[in-house]
Amino acid sequence: MNLSGSARATAAAVVAGATLLATGSIAGAAPAHPVAAAAPDIPVAGVKAHLAQFQSIATANGGNRAHGRAGYKASLDYVKAKLDAAGFTTTVQQFTSSGRTGYNLVADWPGGDTSQVLMAGSHLDSVTAGPGVNDNGSGSAAVLETALAVARAGYHPAKHLRFAWWGAEELGMVGSRYYVGRLSSADRARITGYLNFDMIGSPNPGYFVYDDDPAIEKTFKDYYAGLGIATEPETEGDGRSDHAPFKNAGVPVGGLFSGADYVKTQAQAAKWGGTAGQAFDRCYHSSCDTTANIDDTALDHNSDALAYAVWALSS
Ligand code: TRP
Ligand code: CA
Ligand code: ZN
């Protein structure tokens, strides 16, 4: 690299802000490589506005957003309306589990090379015990806000982007297994990566990156390194969320997780703050998983990391 002092300072700031710019464009010369578009800073207020809606939906529908309950369908209708208004092509996929109808929502962003599809998704159902704001309103809201950011930016990635909200994860990843099981082998082979977000705003947060596809894992780790935040590999969740059916079908997977019912250690509290000897989410699968059960800073960083990875892995 051959940058002037001020250009070097700018480049450092850009790295800290975790955008992707060819250095040539900073110096004003022709870039040596195609310039990747910068990932936006996802407004955490936008993510939280979706969480408030999920909370209201649960409150109005018996206190939950569980599979087969009115609060699930209302959650799906809310997300779908936002995506339709933003120009996505949405598809609702229906299935049956435990005698009740379930739904996946898939949103395609028109354009890009459809032989190379990057997917990001999260489960939209809660357990019946509560409103499921952290599990998994947090992932659902962050994926939604990232999709809306794609539309706001008029982003035209090289790859085709597809976002998904899964039903009945809490019954054993029923929706995502149904989706993957119904893909033709050709369509499955077109998916270059699946990014999963299940619990990313835990109130006593950790920063866990799925220890799976190395390129996806590195993308997330690079983002946190730029923020100066330590991460740990997430290995516990291998079979515990919607990335599992994709992984089993041979799709490269990755994702983020801020912790569930496991207890934060002293060492973890030393690097991440919060409370040692307490669960990452004391309200996991409980009635207290409300809008009060969210750490805004973790939600913000993880939402920004999600967008960073979507941009970086699709350009
Ligand atoms: N999928 C679990 C749920 O919804 C949450 C969970 C626990 C998890 N451990 C995990 C998700 C590890 C991802 C990785 O209840
Ligand atoms: Ca942000
Ligand atoms: Zn759960």
Side-chain angles (χ1 to χ4, degrees), residues 17-19 38-50 64-67 72 121-142 145-146 148-149 152 165-177 194-202 205-212 217 220 223-224 226-227 229 231-247 253-263 279-281 283-289 293 295-308 310-311:
T19 57
D41 180 336
I42 298 299
V44 72
V47 181
K48 290 192 71 178
H50 304 317
N64 68 65
R65 304 182 301 102
H67 167 70
Y72 182 75
S122 58
H123 78 85
L124 185 56
D125 64 314
S126 72
V127 292
T128 54
V133 172
N134 186 37
D135 181 14
N136 184 30
S138 62
S140 297
E145 195 59 21
T146 298
L148 297 177
R152 283 193 296 262
W165 291 262
W166 309 116
E169 186 272 350
E170 299 290 5
L171 281 68
M173 300 161 284
V174 175
S176 54
R177 284 195 285 118
Y194 171 72
L195 312 179
N196 194 61
F197 304 91
D198 184 357
M199 305 182 73
I200 60 167
S202 304
Y207 291 88
F208 298 98
V209 176
Y210 294 7
D211 180 20
D212 220 296
E217 183 178 8
F220 285 123
Y223 182 77
Y224 291 104
L227 294 180
I229 294 174
T231 63
E232 288 187 14
E234 165 55 47
T235 50
E236 170 219 341
D238 272 2
R240 283 188 70 173
S241 193
D242 297 297
H243 54 296
F246 286 88
K247 181 182 165 75
V253 303
L256 302 175
F257 179 54
S258 56
D261 47 353
Y262 283 26
V263 168
F280 295 103
D281 182 355
C283 291
Y284 177 62
H285 286 187
S286 303
S287 60
C288 60
D289 187 8
N293 191 45
D295 182 87
D296 289 0
T297 302
L299 184 69
D300 190 8
H301 289 323
N302 288 329
S303 299
D304 292 340
L306 193 174
Y308 175 81
V310 164
W311 257 255

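FYI, side chains are in, hydrogens and waters are out, and symmetry mates aren't considered; it's all heavy atoms of this structure. Whatever order the structure lists ligands and atoms in, that order sets their numbers, starting from 1.
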Practice problem: May I ask whether Phe208 has any heavy atom positioned less than 4.0 angstrom from an atom of ligand 1? | Solution: no
Quiz item: Heavy atom of Asp135 under 4.0 Å from ligand 1?
Solution: yes
Practice problem: Would you check if there is a donor-acceptor pair between the side chains of Tyr284 and Asp135 at a distance under 3.5 Å? | Solution: no
Exercise. Compute the shortest N/O to N/O distance between His123 and ligand 1 and return yes if it is under 3.5 Å, no if not.
Key: yes
Practice problem: Measure the acute angle between the ring planes of Trp166 and Phe246, then classify it against the limits of 30° and 60° as parallel, tilted or perpendicular. | Solution: tilted
Exercise. May I have the angle between Asp304 OD1 and Asp41 OD1 with its vertex at the Ca ion (ligand 2), rounded to 10°?
Key: 90°
Quiz prompt | Distance filter under 4.0 Å to Glu170 heavy atoms, resulting ligand 1 atoms | solution = 3 (C), 4 (O), 15 (O)
Practice problem: Can you sort out which atoms of ligand 1 are near Met199, meaning under 4.0 Å from one of its heavy atoms? | Solution: 5 (C)
Self-check item: Side-chain H-bond candidate by donor/acceptor type, Ser202 with Asn134, under 3.5 Å
Solution: yes
Quiz item: Backbone or side chain, does His123 get an N/O/S atom under 2.8 Å to the Zn ion (ligand 3)?
Solution: no
Exercise. Could you please compute the angle at the Zn ion (ligand 3) from OE2 of Glu170 to OD2 of Asp135, rounded to 10°?
Key: 110°
Exercise. State the atoms of ligand 1, each with its element, that fall below the 4.0 Å cut-off from a heavy-atom position in Arg240.
Key: 1 (N), 2 (C), 7 (C), 9 (N)
Self-check item: Distance filter under 4.0 Å to Tyr284 heavy atoms, resulting ligand 1 atoms
Solution: 2 (C), 3 (C), 5 (C), 15 (O)
Quiz item: Under a heavy-atom criterion of less than 4.0 Å, does Tyr210 contact ligand 1?
Solution: yes
Practice problem: Spell out, as yes or no, whether a donor-acceptor pair under 3.5 Å connects the side chain of Ser258 to the backbone of Gly201. | Solution: yes
Quiz prompt | Tyr194 side chain to Asp212 side chain, donor-acceptor N/O pair below 3.5 angstrom | solution = no
Practice problem: Flag the pair Phe280 / Phe208 as yes when their ring centroid distance falls below 6.0 Å, and as no otherwise. | Solution: yes
Quiz item: Is there a donor in the side chain of Asn64 and an acceptor in the side chain of Thr128, or the other way round, less than 3.5 Å apart?
Solution: no
Quiz item: To the nearest 10°, what's the angle at the Ca ion (ligand 2) between atoms OD1 (Asp300) and O (Ile42)?
Solution: 110°
Exercise. Looking only at distances, please establish whether an N/O atom of ligand 1 is found under 3.5 Å from an N/O atom of Glu169.
Key: yes
Self-check item: ligand 1 to Glu234 polar contact by distance, N or O atoms, under 3.5 Å
Solution: no
Quiz item: Distance only, no hydrogens: is a donor on one side chain within 3.5 Å (strictly under) of an acceptor on the other, for His67 and Glu169?
Solution: no
Practice problem: Determine, step by step, whether Asn293 and Asp281 satisfy the side-chain contact (heavy atoms from CB on, under 4.5 Å) criterion, reporting the C-alpha distance in whole Å, the side-chain angles of both residues, the deciding distance to 0.1 Å, and the verdict. | Solution: CA-CA 8 Å; Asn293 191 45; Asp281 182 355; 3.0 Å; yes
